[in-house]
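So the structure is just underneath, and the comments pick up after that.
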Amino acid sequence: MSDVQTETHEFSAEVGRLLDLVVHALYSDREIFLRELVANAADATDRRRFEALTAPALALPPDASVRIVPDKAARTILIADAGVGMDKGELAANLGTIARSGTRRFGDAAAAAKPEEKVSLIGQFGVGFYSAFMVANRVEVTSCRAGSEEAWTWASDGAGAFTLTPATRDAPGTDVLLHIKADAEEFLEPIRLQTIVRKWADHITVPITVATEGEDKPANEGTALWRKPKAEVTAEQYKEFYRHLGQYDEPWATLHWRAEGALEYSALLFVPGARPFEAVEGVRESRVRLHVRRMFITDEAGLLPPWLRFVQGVVDTEDLPLNVSREMLQATPVLARIRKAVTNRVLGELKTRAKDADDFAKLWENFGAVLKEGVWEDAEHRTELAGLMRFRSSAQDGWTGLDGYVERMKPEQDAIYILTGDNADALSRSPQLEGFKARDVEVLLLTDPVDTFWPERLAEWGGKPIRSVTQGGIDLSKLPVTAEPEGEAADMDKLLPALKAALGTAVGEVRATDRLVDSAVVLAAAGFGPDLQMQRLMRRHGQAGLGLPPALEVNPRHPLIRSLSKQLEAGTDLTDTAHTLLDLARVQDGEMPSDPAAFARRVTAALAA
Ligand code: ADP
Ligand code: MG
């Protein structure tokens, strides 16, 4: 091997930092290096099996396993697999940059953590390939991509750079060779390695062996945990498996069951107790893993609908052939039936647990926004899901559901009222609510982006229409006020037309309202069109002009309005005032004045007067 062929590459800057963190963060949890490397080897084996479905030439050798070979004399540990392998480009990209969002998140979290917290962080996160440098001062990865003959060795001492050198390997797969540090010699003991495998990798279905006195001895049980009867699984095993799925919180729910009869499958599903970023903001598809007779097939089978994408776990069935292809996964009725059954089971669990309000609130705070997507897009489950929705309300602290709201409705009240915006605190103080508060009418406060959409689809609950308080045409006059409004109502006959004339087409209408108590003006959407939040959203997405111009509603009892009425009688020109009022109404709803500079000019002039 000549030096001419060896290429030296710098690590990307973030890899350098992460390496540092991983290597120095912790001493006592170092054994997880083996978990990480064995998991990578097993993933690579699974990936090759899947690729071979469409490219039979890539088929795995029948005895494919992950071999762990410690060598005391050479002070090395070899972890070898027959998986997909990596070509030269993949070695550089996968091992030289941070490819994975999880690894990056570990880096971010570790950078933010106090020194004493770093210790537990490393156990919590998957830290990936770089954990090898906790026990090794040099790592050599020799790999041959399945389908290719070429092999390359990636090597690094974990300090800034790595090299790539042409190599040979008999068959596709990857050898990870660790040159063990002097203070990590304990890991050269086969017994120690076996214990670690049993602890961390017992549920991996690819056989794992540890070479002991020259002989490969099986180290993992390889029984898929989800296939065991519930009674035989310990809490610790569930927890380990949950970690294996990349989750490090306490699950809110653990569902483990076996279906027999028309459909045969085992399922082990978890509803996380914390909100993983990916499950909410990332891919919209469920990543529940599909296995066929233990073998991992894919995590892209869409086993649960997108509104349950936060659920993690495994479904393992007898009813599909092992060589099921992607096309077949799309089309097979078996999978459609399994999807339906699994979805109903999870939904059933949510409904049962919803009876305990405090318990259910924990789920709702993490995943309520995701579940609400189902009310919008899933006609089949809309009603069930709507019954699970929880809201903040103008009338009480904590969460309420639609059923609770309907029970508390006033006898004269004929609609369910909602107010949608970006922030519950701001909403609870919105002038839009004044008339409702004065009549002791409860309003649900909605703050998730999806809240702009589902109310129209659901339309009603318990026979009561759902109405946005910013939609025009809400008549509160039937409902008695709890306290008589203060002050006399000004005569609006001249003022309203004068304001409308001054504002022109900026508003559809200027009208008197009984919705206000403390505020002078408020905006309402025109007629029964999209409510104000929906119009704001459309404007943000460049769809201005879709809604009709709003109505400006005026409080005839407000001192300012009374004063304006008098000024008008006295012949004062109210053009500037009318525009300032409209802009104030916008600002109250958290919007910008339509022309901020003109607004500032008018307010300055008014203050100076
Ligand atoms: P993760 O496994 O979460 O993606 P790692 O840091 O453990 O993160 O590994 C980075 C990448 O390197 C993997 O995604 C994979 O593409 C590649 N890789 C690591 N080990 C192997 C292996 N034994 N065989 C094939 N590819 C591997
Ligand atoms: Mg990994």
Side-chain angles (χ1 to χ4, degrees), residues 101-102 242 245-247 249 251-255 265 267-291 296-317 320 324 326-351 353-354 360 362-391 402 420 446-459 534 537 541:
S101 64
Y242 189 58
L245 295 173
Q247 297 289 135
D249 50 84
W252 181 79
T254 301
L255 296 167
Y265 65 88
L268 175 52
L269 300 178
F270 300 90
V271 178
R275 178 176 10 193
F277 177 80
E278 284 83 2
V280 183
E281 320 271 340
V283 255
R284 276 201 82 227
E285 267 67 56
S286 164
R287 280 297 163 84
V288 166
R289 300 158 58 108
L290 175 69
H291 289 237
F296 172 73
I297 302 294
T298 175
D299 62 0
E300 293 176 14
L303 282 167
L304 286 169
W307 47 269
L308 282 175
R309 61 182 175 273
F310 51 87
V311 176
Q312 312 279 327
V314 172
V315 171
D316 183 355
T317 180
L320 290 169
V324 60
R326 267 169 207 273
E327 296 70 42
M328 190 172 160
L329 282 178
Q330 300 294 327
T332 173
V334 172
L335 207 61
R337 293 215 306 277
I338 292 178
R339 276 192 196 110
K340 195 178 161 114
V342 175
T343 303
N344 286 336
R345 174 70 185 240
V346 175
L347 198 52
E349 174 78 5
L350 298 188
K351 283 159 93 176
R353 300 267 303 261
F360 193 67
K362 290 187 195 124
L363 169 93
W364 191 258
E365 276 158 22
N366 286 327
F367 303 117
V370 181
L371 285 168
K372 280 190 275 192
E373 291 173 18
V375 178
W376 182 61
E377 70 184 5
D378 191 331
E380 189 187 339
H381 297 100
R382 178 166 299 138
T383 314
E384 279 172 294
L385 282 172
L388 292 176
M389 286 195 291
R390 297 292 180 265
F391 308 99
L402 287 170
T420 318
L446 279 49
T447 52
D448 289 315
V450 64
D451 290 328
T452 316
F453 303 103
W454 64 260
E456 208 189 320
R457 290 275 169 89
L458 184 63
M534 175 69 111
L537 206 77
H541 290 85

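Hydrogens, waters and symmetry mates are skipped; everything else that's a heavy atom, side chains included, is used. Just so it is clear, the model here is predicted, and its values are computed rather than measured.
Closest of all the heavy-atom pairs between L446 and P455 is CD2-CG, 4.4 Å. Closest of all the heavy-atom pairs between G302 and R339 is O-NE, 2.8 Å. Here the closest heavy-atom approach between residue M534 and residue T452 is recorded as CA-CG2, 3.4 Å. The two residues D249 and G273 make their nearest non-hydrogen contact at OD1-N, 2.8 Å. Of all heavy-atom pairs spanning Q312 and P272, the tightest one is CG-CG, 4.1 Å.
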Exercise. Apply side chain to side chain contact (heavy atoms under 4.5 Å, CB included) to R309 and F367, showing your working.
Key: CA-CA 10 Å; R309 61 182 175 273; F367 303 117; over 6 Å; no

Practice problem: Take K362 and N366, measure what side chain to side chain contact (heavy atoms under 4.5 Å, CB included) needs, and give me the verdict at the end. | Solution: CA-CA 7 Å; K362 290 187 195 124; N366 286 327; 5.7 Å; no

Exercise. Begin with the C-alpha distance, continue with both residues' side-chain angles, and end with the deciding distance and a verdict on side chain to side chain contact (heavy atoms under 4.5 Å, CB included) for V311 and L255.
Key: CA-CA 10 Å; V311 176; L255 296 167; over 6 Å; no

Practice problem: Go through T343 and W307 one step at a time and tell me if the side chain to side chain contact (heavy atoms under 4.5 Å, CB included) criterion holds. | Solution: CA-CA 10 Å; T343 303; W307 47 269; 4.0 Å; yes

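Between L350 and W252 there is a side-chain heavy-atom pair separated by less than 4.5 Å. In this structure, the side chains of H381 and P305 stay at 4.5 Å or more apart for every pair of heavy atoms. For the pair Y265/V342, a side-chain contact is recorded, criterion being any heavy-atom separation below 4.5 Å from C-beta on. Using a 4.5 Å cut-off on side-chain heavy atoms (C-beta onward), L363 and R353 make no contact. Here the side chains of L290 and L329 are in contact, with some heavy-atom distance below 4.5 Å. Under the 4.5 Å side-chain criterion, counting only non-hydrogen atoms from C-beta, T317 is in contact with I338.
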Show every donor-acceptor pair shorter than 3.5 Å between a side-chain atom in residues 382-391 and any protein atom, with sequence neighbours excluded, or say none if there are none.
| residue | atom | partner | partner atom | Å |
| --- | --- | --- | --- | --- |
| R382 | NE | V375 | O | 2.5 |
| R382 | NH2 | W376 | O | 3.0 |
| E384 | OE2 | K351 | NZ | 2.9 |
| R390 | NH1 | G387 | O | 3.4 |
| R390 | NH1 | L388 | O | 3.1 |

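R275 contributes no side-chain N or O that, together with a main-chain N or O of F310, makes up a donor-acceptor pair within less than 3.5 Å. Side-chain atoms of D451 come within 3.5 Å of backbone N or O of D448 as a donor-acceptor pair.
Residue E365 places its CD atom among more than 12 non-hydrogen atoms of other residues, nucleotides or ligands, all under 6.0 Å distant.
One distance of note links CD of E373 with CZ of F453; it measures 11.0 Å at 0.5 Å rounding. Separation of atoms CG (D316) and CZ (R289) is listed at 10.5 Å; rounding is to 0.5 Å.
Looking at D378, L269, V346 one by one, the single match for side chain to side chain contact (heavy atoms under 4.5 Å, CB included) with L308 turns out to be V346.
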